[in-house]
Amino acid sequence: MKSSLLYLFALVLPFCAISLNSQTQIIWGPDDFVKIENGSGGMLADLEPGDRFSRDHDQAGDINGDGVIDLVVGARSDDDGATDAGAVYIVFLNSDGTVQSNQKISMLEGGFDETLLENNFFGYGVAGIGDYDNDGIPDIAASAPASDNIALYIIHLNSDGTVKSYVKNEDIIAQGLSAVGDINNDGRIDLVACDPNSDLGGNNRGAINILFLDNTSTVIPSSTVNISSVNGGFGEGLENEDRFGGREVAMLGDLDSDGTLEMAVGAFSSDGGKGAIWILSLNSSTFQVESKLKITEGLNGFTDSLTLGENPNGTEGASFGHALCKVGDLNGDGVPDLMTGANQQNEGWGYILYLNEDKTVKSYTRINGTEGGFDFDFDPEERFSRSISFLGDLRGDGTIAVNYGGGAGAGSAGALYLMFFKACEFIQEPGLNHWSGGTTLFTNWSHPAQMLTSDSLSFEQCTFKTFETNAPYMTYNFNDGRCICKDAEATLTASTELSTAYINQCSNLLSANTSELNGQLEIEVFPNPTSSELFVDFGTHLSSGEENVTISLFTLQGEKLYSSQITTERPRIDLSEYPAGVYILLVLINGESKAFKIVRE
């Protein structure tokens, strides 16, 4: 979805999800989750059924200065002062994802003296925008897209989450807001306002507006870029009732290194309600569309089946692409990936879309009540994935946190699922092998019939089957997509069918012997932080002279800056040419790896 990019340097993705070597693959998989709703996860508020808490949300930076990223969460149907006037919550988090405290901002609370109207839906869209008024405290944006008081509010906060001041930008419709970073390089985070009900070019075709603001927190109308069926260079492709724009967008960056900026935009009512995602390539100066690609069922690599038909709330179809969030490279192929969802597909399904450089889908995995490894207990009308936002390394332990909104069932005020993902090593056994014997925990392959018993799986989908079954051993065949997950009693056997055997280092069922297969490298890196020079002390690791040693330096986004073969026991690395910030130093010795977070002052 979004994030104030002023804070992204502090949200460390360890290993940057890069492939460590030809024998080890990093896949980000499930770790744990916290459900945040009224009375759960530490959230104590006056939320009522139907408030639609978590209708939109975003990371808002460290507002109270305790070193932990906080949240801004919309509750667009709160009734403070008037029915459905709306409200916004500043949610102060603990590092474990639970709520420390919260501050409500409404017509009646939090120092917000604006007069909201019935059905104003304040908080329909929210975004963290960084420190707009330069007082050292992050600020937020919130929209009120309906009634006779349509506006976008830039709210300058106090450190306790109350309102210090605000600027009202009138007549800006935003049924969703996304912070997309400082794309025009003026020092302020820019916004995208989503208007899926726009009639530009046809009935409910939808539109987005890229908004740039000045140093008074006021939108600059002359700089606004409208992208729709008739504006912004989009051209053909949108139909009536597509609702292009969705509830939020995701700025992916330059996926294909051609100088354009790729932005993912949903059209959740497209294709009869199944939904779609458009990947737009924007000119880096004008932000007009130079090219585009549509992703939906059976198109450009997305092969899952999406539902049609009427939903309990009167809508049609799966609503694929309703919410979007850039999450970094989750499968180690060097390309940023995308989280999205189909919140009307059964109880609501989340998706990780692993992208190719050409913007097509390489593979995908599902996150729902039975898949993805989180063991959720959903209401049948949960509408999980109706909103998504990225937090990064909230716990400071190398995991990443992603928020999914839900809780749309009868009697619910709304809920937020804060999910932690961890980097899991899948170590490939040399040669062609498979795991035999033991207990089969999952398989889509019949050995007697020599055929698939269900769909062919991608490598990423197979790894998620190991997460779901806690399997330590995985056999995968890249030719036919067979996937077999075994327990710790299985043994390694040569394969005559071109299969490959992997060890899932995240499984807690590994024996003591197998858990040591990747080894522990005793290496020191100093000084850290450093202003220029960095030394790596290999100790006795290079004493035999036969070791194959490589050191590489990466940005937090996975870009390789430096790589070298090492033959000396204490090599020197010169960082003086790189800007101040946080980097990842990766050391490989004969296939074993160790990563260090390096701070360049």
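As the structure is a computational prediction, the values presented were derived from the model and not from experiment.
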**Message:** Looking at every non-hydrogen atom in both residues, tell me the closest pair between Val72 and Gly128 and how far apart they are.
**Reply:** CG1-N, 4.2 Å
**Item:** Residues forming a ring pair (Phe, Tyr, Trp, His ring centres under 6.0 Å) with Phe212, sequence neighbours excluded
**Value:** Phe287
**Asked** Hey, does Thr463 have a side-chain heavy atom less than 4.5 Å from the side chain of Asn504?
**Response** no
**Fill in**
Between Lys326 and Leu338, the two heavy atoms sitting closest are N-CD1, 4.3 Å
**Asked** Should Glu381 and Arg383 count as an ion pair when the cut-off is N to O under 4.0 Å?
**Response** no
**Prompt:** Between the side chain of Glu248 and the main-chain N/O of Ser387, is any donor-acceptor distance below 3.5 Å?
**Reply:** no
**Request:** Measure from the ring center of Tyr153 to the ring center of Phe122 and say whether it is less than 6.0 Å.
**Result:** yes
**Fill in**
From the list Ile137, Asp133, Asp139, Ile155, side chain to side chain contact (heavy atoms under 4.5 Å, CB included) partner of Lys164 resolves to Asp133
**Asked** Quick one: does Asp58's side chain get under 4.5 Å of Leu71's, heavy atoms only?
**Response** no
**Request:** State whether the number of non-hydrogen atoms from other residues, nucleotides or ligands found under 6.0 Å of Asn313 atom CG is greater than 12.
**Result:** yes
**Request:** With the side chain counted from C-beta on, respond yes when Phe112 and Leu116 share a heavy-atom pair under 4.5 Å apart, and no when they do not.
**Result:** yes
**Request:** If the plane angle is over 60° it's perpendicular, under 30° parallel, otherwise tilted; pick one for Phe376 and Phe378.
**Result:** parallel
**Request:** Enter the distance from Asp56:CG to Ser389:OG here, rounded to the nearest 0.5 Å.
**Result:** 8.0 Å
**SG(Cys424) to SG(Cys506) below 2.5 Å** = yes
**Message:** For Leu355, is there any backbone N or O sitting under 3.5 Å from a side-chain donor or acceptor partner on Asp337?
**Reply:** yes
**Leu391 vs Ile400 side-chain heavy atoms within contact, under 4.5 Å** = no
**Asked** With side chains defined as the heavy atoms from C-beta onward, is the minimum distance between Phe374 and Phe421 less than 4.5 Å?
**Response** yes
**Asked** With side chains defined as the heavy atoms from C-beta onward, is the minimum distance between Lys168 and Asn149 less than 4.5 Å?
**Response** yes
**Asked** Is the side chain of Thr296 donor-acceptor paired with the backbone N or O of Gly275 at a distance under 3.5 Å, no angle test?
**Response** yes
**Asked** Are Thr218 and Leu213 side-chain neighbours, meaning at least one heavy-atom pair lies under 4.5 Å?
**Response** no
**Any donor-acceptor pair under 3.5 Å from Ser178 side chain to Val180 backbone** = no
**Prompt:** Under a 4.0 Å N-O cut-off, is there an ion pair linking Asp31 with Arg395?
**Reply:** yes
**Prompt:** Does any non-hydrogen side-chain atom of Leu441 lie less than 4.5 Å from one of Glu468?
**Reply:** no
**Request:** Check step by step if salt bridge (charged side-chain N to carboxylate O under 4.0 Å, His left out) holds for Glu241 and Arg243.
**Result:** CA-CA 6 Å; Glu241 307 299 333; Arg243 288 182 166 83; 3.2 Å; yes
**Message:** For a salt bridge (charged side-chain N to carboxylate O under 4.0 Å, His left out) check, start with the C-alpha distance between Arg366 and Asp304, then their side-chain angles and the critical distance, and finish with the verdict.
**Reply:** CA-CA 10 Å; Arg366 303 187 192 112; Asp304 209 14; 2.7 Å; yes
**Closest non-hydrogen atom pair between Met107 and Glu114, with its separation** = CG-O, 3.3 Å
**Prompt:** Taking the six-membered ring for Trp, are Tyr404 and Tyr417 ring centroids under 6.0 Å apart?
**Reply:** no
**Fill in**
Heavy atoms of Glu460 and Ile27 approach each other most closely as CG-CD1, 4.2 Å
**Item:** Under 3.5 Å donor-acceptor, Ser143 side chain and Gly125 backbone
**Value:** yes
**Request:** Quick one: sort the Phe467 and Phe464 rings into parallel, tilted or perpendicular, breaks at 30° and 60°.
**Result:** perpendicular
**Lys104: salt bridge (Lys or Arg N to Asp or Glu O under 4.0 Å) partners, not counting sequence neighbours** = Asp46, Asp78, Asp80
**Asked** Phe302: what forms a ring pair (Phe, Tyr, Trp, His ring centres under 6.0 Å) with it, not counting sequence neighbours?
**Response** Phe320, Tyr351, Tyr364
